[in-house]
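Proteins come first, then strands; the chains are lettered A, B, ... in the order of their sequence lines, and each starts at number 1. Keep in mind it's a predicted model, so treat the numbers as computed, not measured. Keep in mind that the numbers below use all heavy atoms, side chains included, and drop hydrogens, waters and symmetry copies.
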Amino acid sequence: MAQIFHPSMNTFSKATIFGGMFLLASLAFAWDRINRSAYVTEADVVRDQPVPFSHEHHVSGLGIDCRYCHTTVETSPFAGLPATETCMSCHSQIWKDSPMLAPVRDSYRTGQPLKWTRVHDLPDFVYFDHSIHVAKGIGCESCHGRVDRMPLMRRAHSLQMSWCLECHGHPQQFVRDVDDIYKFGKAAQATSQEQRVELAQKYGIDARQLLDCGICHR
Amino acid sequence: MSDTNQYPVDERNEPTDRQAPPCSSEPDAFDWDMLREELSSGGEQRMWRSLDELSKTPEVLSYVQREFPRQAGELNDPASRRSFLKLMAASLGLAGIGLSGCLRQPEEKIVPYVRQPEEIIPGKPLYFATCTTLGGYATGLLVESHLGRPTKIEGNPEHPASLGATDAFAQAAILSLYDPDRSQTVMYAGRISTWSEFLTAITAELPALRERRGRGLAILTETITSPTLADQLQKLIKDLPEARWHQYEPVGRDNVRAGAKLAFGEYVETVYHFDLANVILSLDAEFLTGMPGSVRYARDFSNGRRMAQPNRPTGGPSPAMTRLYAVESTPGLTGAAADHRLALKARDVEDLARAIAARLGGEVDASARDVPSDVPAAWLNVLVGDLQDHRDKSLVIAGDGQPAAVHALVHAINRRLNNVGRTIEYVAPIEAEPVDQLASLSELVDLMRNGEVTLLVVLGGNPVYNAPHELEFARHCERVPFRVHLAQDFDETSFRSHWHVPCAHELESWGDARAFDGTATIRQPLIAPLYGGRTAHDLVAVLAGHPELTTYQILQNYWKERLGSDGFAKRWNRAVHDGVVADTRAEPRTPEWKFVDRVSRRDPGLQAGLEITFPPDPTVWDGRLANSGWLQELPKPLTKLTWDNAALVSPKTAERLGLSNHDVVELSLAGRTLRAPVWILPGQPNDSIALSLGYGRTQCGRIGKGIGVNTSVLRPARHEWFAGAGVLKSTGLRYPLSVTQNHHSMEGRDLIQITTLADFKKHPDFIDQEHRHPEQSPTLYPRHEEPENAWGMVIDQTACIGCNACVIACQAENNIPIVGKEQVGIGREMHWLRVDRYYRGGIDDPDTYFQPVMCVHCENAPCELVCPVAATVHSHEGLNQMIYNRCVGTRYCSNNCPYKVRRFNFLEYDALFDYGGEQAPSLKLLRNPDVTVRSRGVMEKCTYCTQRISAARIEAQKQNRPIRDGEVVTACQQACPVQAIVFGNIRDRDSAVAHLKASPLNYSLLGELNTLPRTTHLACFRNPHPDLEGPATIDTPPVERTVIDRLLNE
């Protein structure tokens, strides 16, 4: 009986089988990369805001403490955004005619609040609480990055769950002295591993519980 | 609108939004002999849930075999399953290349304040003291508010009528605040109008009215306890002496008032002290729910019965336990809690009361009738003996629906027993102007008929719907040339009025009210009126010629007089903050005894024949709550019926008349007829039919419109809530009712441990080891490590009265959607917490037991093992967590759950339910922001209020201290009037919950499965009199062969 398939089919079939597997693998890889890309996570994407507020200028330039504006960071899940009144406490005196600040003045005058675009936006099924993080020695910098070097606000990290778990799995890698919560840069971080483990113990951080799903999801 | 409110039987096959579940057109008549035989062979101990279960109807079998008898259907859209799959495929494809919206989050805005208000911390709720009223009487509340948006109602611990708890009605008040169907504008003759147009119109009437000294003005209110409103009305009447103030409350207390008048010659209010009584007799009184002060009374009552108490470290039984005898004309909570229950036709209660009074040595009418034949002689003898043995420690209470003579006789009995000043006390009337309300309403109707009313102002209330149709209020009010109606909904009365003014909800307006014991509360608003609603205060001020006054000013002016203007601001702030005005409790008084007993004159025609009773509905009350989806879907405590009322008949009567469930019958009373579906209810007196009020609304929101039957059509204009000489006619029609009693069945296992006080003293270890927390049982799975906090719960089944407050509290706290009648009919209700009702004894007059069941948080949780995506996992603190965003909806967990406590969101109930297919924006304000709003295809269940645990844990961790006992209070625990639910850290040996777990009464539900539930139950105690046959003995019944066993064997 004559051969149905030409011998070259061997090569062809190998190529299609392995090629197909390779293609699937690369598609999966590509999808994964896309999902972790800044395009999807929107890390490092600068958002349009009503006023081009510079954290760099206010934090490192003027040395204003984070809590001057984010007043509820130590008491509430939500760190808080300053009321227009807070902006105007300075800007009724300085830069009071700046065209960039016109929306702030308008808001103060008309009573219409400013509408800022949320930069750090967790999915709605995640319940993050600022107050417990700052109470347990997690600095602003750990999640928000070097805000003191951001002329315009952007996300420093992906905010994906795997990123959260880096710390929730190993909190002693990230913990710092509570006095250094609102500081930035190397100097503010606890220097040695021993120091950090000690701090974690001092703050009573129970690492086992931090991986319970119900800690963030409910 | 038609007055003859016929049952919508003809519409039942039309495909409406709220389709009823199909019921077989063939009557599935019960084989009564078989049922009786089955129970007598099963022994007295057998627990059963329903007649269907006993007769093993195919419907019940389907519930047992499959938790959810039907698969998910389509959403209510025309797209077929095929096009759905096509769309899904397309969207999956888009998702694959990262273009789908579910990968990138939509942009969100943060909107800070312009000027930061004091006290408000975004993310932290505030609590404000206020109150809600039912029948005019106040219950104090603390309302949780998120950024100015009230989300959850809790009881005010400082308020005497609440003590921190609420009933289901108060819990549901938050939903009525956000009800999208609430009236939103002033209406004139069916057209949208404005408040100022209304002002112009009514002000034009006023000068003429003033000239006539108010003649022609009639104001109709419900019962009013508000001191300010009463003061306003009294001043108005003083100003316009010919004006009339009428009152009508459909679930009124006319009999209570008339009874007091008979006994004392004046109106007095009775305040009860159930905690001080050792023997209680209830004569058709439902004092555990709905009555003024019933939340408090339920607490007092349970305190006298609680066996294991947190403060008694051994958890041992208390030395004495209150004994409750209940006579009931329809099964209710009181009878279910009773040690000795007697089902008696409502009309026979008077004769019984008189017989008791006579035996206790009271002087009664010589023409007294005989003791009703339904009362066993032994029962009466034991009862009278028991009352005599407990002089000054007994308490007798008569039901609001019983005639005045019964109330007067009860006053006489309490007097004979020396209870006055001990277990009961008399105070001056709490309501501002006690009158015979039915007479007041009839008088108004007469005035209207004679054309003597020119301006009718109805302040709240809905008389067109709920006044007995015999009075023909609707017809006669048409003669009034100017009719104004203030109401929260555009209802039947609004429909018949020229002007409709939207009424502000209690949570959005200032006001005041008094509680059952006289304590006044200043009601503060939580939010500005959503739709510009007005209050009764506003309207009366307009009539008095002061439209410029705000409710707040009126209120302050009144209280300035009461509290004195010296330091008023401080006292006012204190009263508003505390939710009670100090020192306003009514003083006890001793009214003069003037009673001469006289047998009630009764129409002999009403005396005989079929009796029909008209109790208030246990969920929608008199119909004012009909548009509350939560209450509509709340299974009624005894019938487990949802979304409908029904004619409740006893098994014997059903047998005699050849009725079966779902049959539609025609009931006639004095020429008025009504069609209603039948529900056979064990424990209902024979030849007596109970038809609850509150249904058959014709002008109502989308939830409550057109469901059930309006019993006001049939209800006679009589003081008693019953009538005789009813005629029942079969129609041959069938109507499907959605009843949850067979859903989520744990099926025939030994679920409720019951004992009596006497037996317990002999056998304190009556619960076998298997049902105790079986710590030592071997398991293949690793034990969880010991954490700092191990959450656990104990439910005291002796204390539980089955009032359902916990169910609504859970619904409000956890954003639980309603699903509608059709979905309930196929077992898809979403309540995380259900209250199972079990019967024990024969089918005619069984004992009733309630068992609240929610996720028990097993330590060896069967659900966790079968989830393929680890969406339900164990936390270190012992919580069986449900992670919604991981859940893919396999429902394996639910299948493997022996407690049947998992709920699956088959359709997107939350977004789609019945508001025309769109989510009403106002309902979004209702959501608890700390709990995820679940979507379709996701399993959910009780979380132990993990959001509350989280909040407490974070607070404690911030202060580097352990969580204190009592710091975490679950929503169900908070609401429970009888404190039957205790939650806490079981690892903490000093916690209340650990003490209870150590009690010999503590047992695990289905403990034999070694699931190690963290929620355990305390055995149910009854305290029957030794001379009467007790409801329980300690002989363990043979384990019932279950349907499942049989199926396995076949």
Side-chain angles (χ1 to χ4, degrees), chain A residues 27 30-31 34-35 37 39-42 47-48 69 71-72 74-86 88 107-108 110-119 121-127 129-132 134-136 202-206 208-209 211-218, chain B residues 95-98 102-117 120-124 785 787-789 814 870-877 879-886 929-934 943-951 953-955 957-962:
Chain A
L27 277 177
W31 193 27
I34 289 171
N35 275 339
S37 70
Y39 173 76
V40 171
T41 67
E42 294 171 308
R47 307 294 188 122
D48 274 345
C69 299
T71 48
T72 56
E74 286 176 336
T75 47
S76 162
F78 180 58
L81 233 64
T84 313
E85 213 175 16
T86 311
M88 290 301 282
S107 158
Y108 194 64
T110 60
Q112 289 298 310
L114 291 163
K115 288 189 178 174
W116 301 94
T117 303
R118 200 181 255 283
V119 175
D121 188 8
L122 289 171
D124 291 350
F125 49 74
V126 180
Y127 290 83
D129 189 307
H130 275 93
S131 66
I132 189 64
V134 298
K136 293 294 174 189
K202 184 175 152 199
Y203 299 144
I205 298 173
D206 185 355
R208 296 170 309 171
Q209 264 194 27
L211 290 175
D212 282 346
C213 305
I215 286 288
C216 309
H217 303 295
R218 50 175 121 120
Chain B
I97 50 171
C102 59
L103 284 179
R104 258 180 109 154
Q105 291 205 73
E107 196 174 271
E108 279 181 26
K109 297 285 182 193
I110 308 183
V111 186
Y113 286 100
V114 176
R115 288 175 183 80
Q116 183 75 32
I120 285 187
I121 299 174
K124 288 265 178 196
E785 36 193 325
E788 184 187 3
N789 300 306
N814 292 305
T872 184
V873 286
H874 221 73
S875 90
H876 281 85
E877 296 184 336
L879 261 58
N880 173 244
Q881 307 165 112
M882 184 66 225
I883 313 304
Y884 309 122
N885 43 312
R886 281 194 93 120
D930 296 329
V931 177
T932 309
V933 176
R934 284 83 54 190
T943 62
Y944 269 170
C945 284
T946 177
Q947 65 281 4
R948 295 188 177 205
I949 298 175
S950 270
R953 190 197 294 119
I954 285 171
E955 279 317 305
Q957 290 260 318
K958 279 196 270 188
Q959 296 167 29
N960 267 328
R961 59 166 174 84

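Both the backbone and the side chain of A/P123 come within contact range of chain B, each with at least one heavy atom under 4.5 Å from a heavy atom of that chain. Within the 4.5 angstrom heavy-atom criterion, only side-chain atoms of B/V873, from C-beta onward, approach chain A. Proximity to chain A is limited to the side chain of B/S950, based on heavy atoms less than 4.5 angstrom apart. Contacts of B/D930 with chain A are made by both backbone and side-chain atoms, with heavy-atom separations under 4.5 Å. In this structure, chain B has heavy atoms under 4.5 Å from both the backbone and the side chain of A/D121. If you measure heavy-atom distances from B/I110 to chain A, the contacts under 4.5 Å come from both the backbone and the side chain. The part of A/Y127 that comes within reach of chain B is its side chain, from C-beta onward, which places non-hydrogen atoms under 4.5 angstrom from that chain. Contact of A/A83 with chain B is made through backbone and side chain together, with heavy-atom distances under 4.5 Å.
At most 12 heavy atoms of other shown residues, nucleotides or ligands fall within 6.0 angstrom of atom NZ in A/K115.
A donor-acceptor pair is defined here as one N or O able to donate and one able to accept, closer than 3.5 Å; no such pair exists between the side chain of A/S76 and the backbone of B/I121. Side-chain atoms of B/Q881 come within 3.5 Å of backbone atoms of A/G214 as a donor-acceptor pair (strictly under, hydrogens ignored). Side-chain atoms of B/T932 come within 3.5 Å of backbone atoms of A/R218 as a donor-acceptor pair (strictly under, hydrogens ignored).
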Derivation and outcome, side chain to side chain contact (heavy atoms under 4.5 Å, CB included), residues B/E108 and A/D124: CA-CA 11 Å; B/E108 279 181 26; A/D124 291 350; 3.7 Å; yes

Residues B/V114, A/Q112; criterion side chain to side chain contact (heavy atoms under 4.5 Å, CB included); working and verdict: CA-CA 7 Å; B/V114 176; A/Q112 289 298 310; 5.9 Å; no

B/R953 and A/I215: CA distance, side-chain angles, deciding distance, side chain to side chain contact (heavy atoms under 4.5 Å, CB included) verdict: CA-CA 10 Å; B/R953 190 197 294 119; A/I215 286 288; 3.6 Å; yes

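Annotation: salt bridge (charged side-chain N to carboxylate O under 4.0 Å, His left out) contacts of B/E955 (sequence neighbours excluded): B/K124, B/K958. A/E74 is linked by a side chain to side chain donor-acceptor pair (under 3.5 Å) to A/R67, A/Y182, counting only residues two or more places apart in sequence or in another chain.
Test B/Q957, B/E877, B/H876 against A/Q209 for side-chain hydrogen bond (donor to acceptor under 3.5 Å, both in side chains) and you get one pass: B/E877.
A/K136 and B/N960 share a donor-acceptor pair across their side chains, judged by distance under 3.5 Å alone.
Here B/M882 contributes atom CE and A/C213 contributes atom SG; the two are 10.0 Å apart, rounded to the nearest 0.5 Å.
Among all heavy-atom pairs drawn from A/L114 and B/P112, the shortest one is O-CD, 3.3 Å.
Per-residue heavy-atom pair counts under 4.5 Å with chain A were compared for B/N885, B/V931, B/T946, B/N814, and the maximum is reached by B/N885. Most heavy-atom pairs under 4.5 Å with chain B, from the set A/T86, A/L122, A/T71: that is A/L122.
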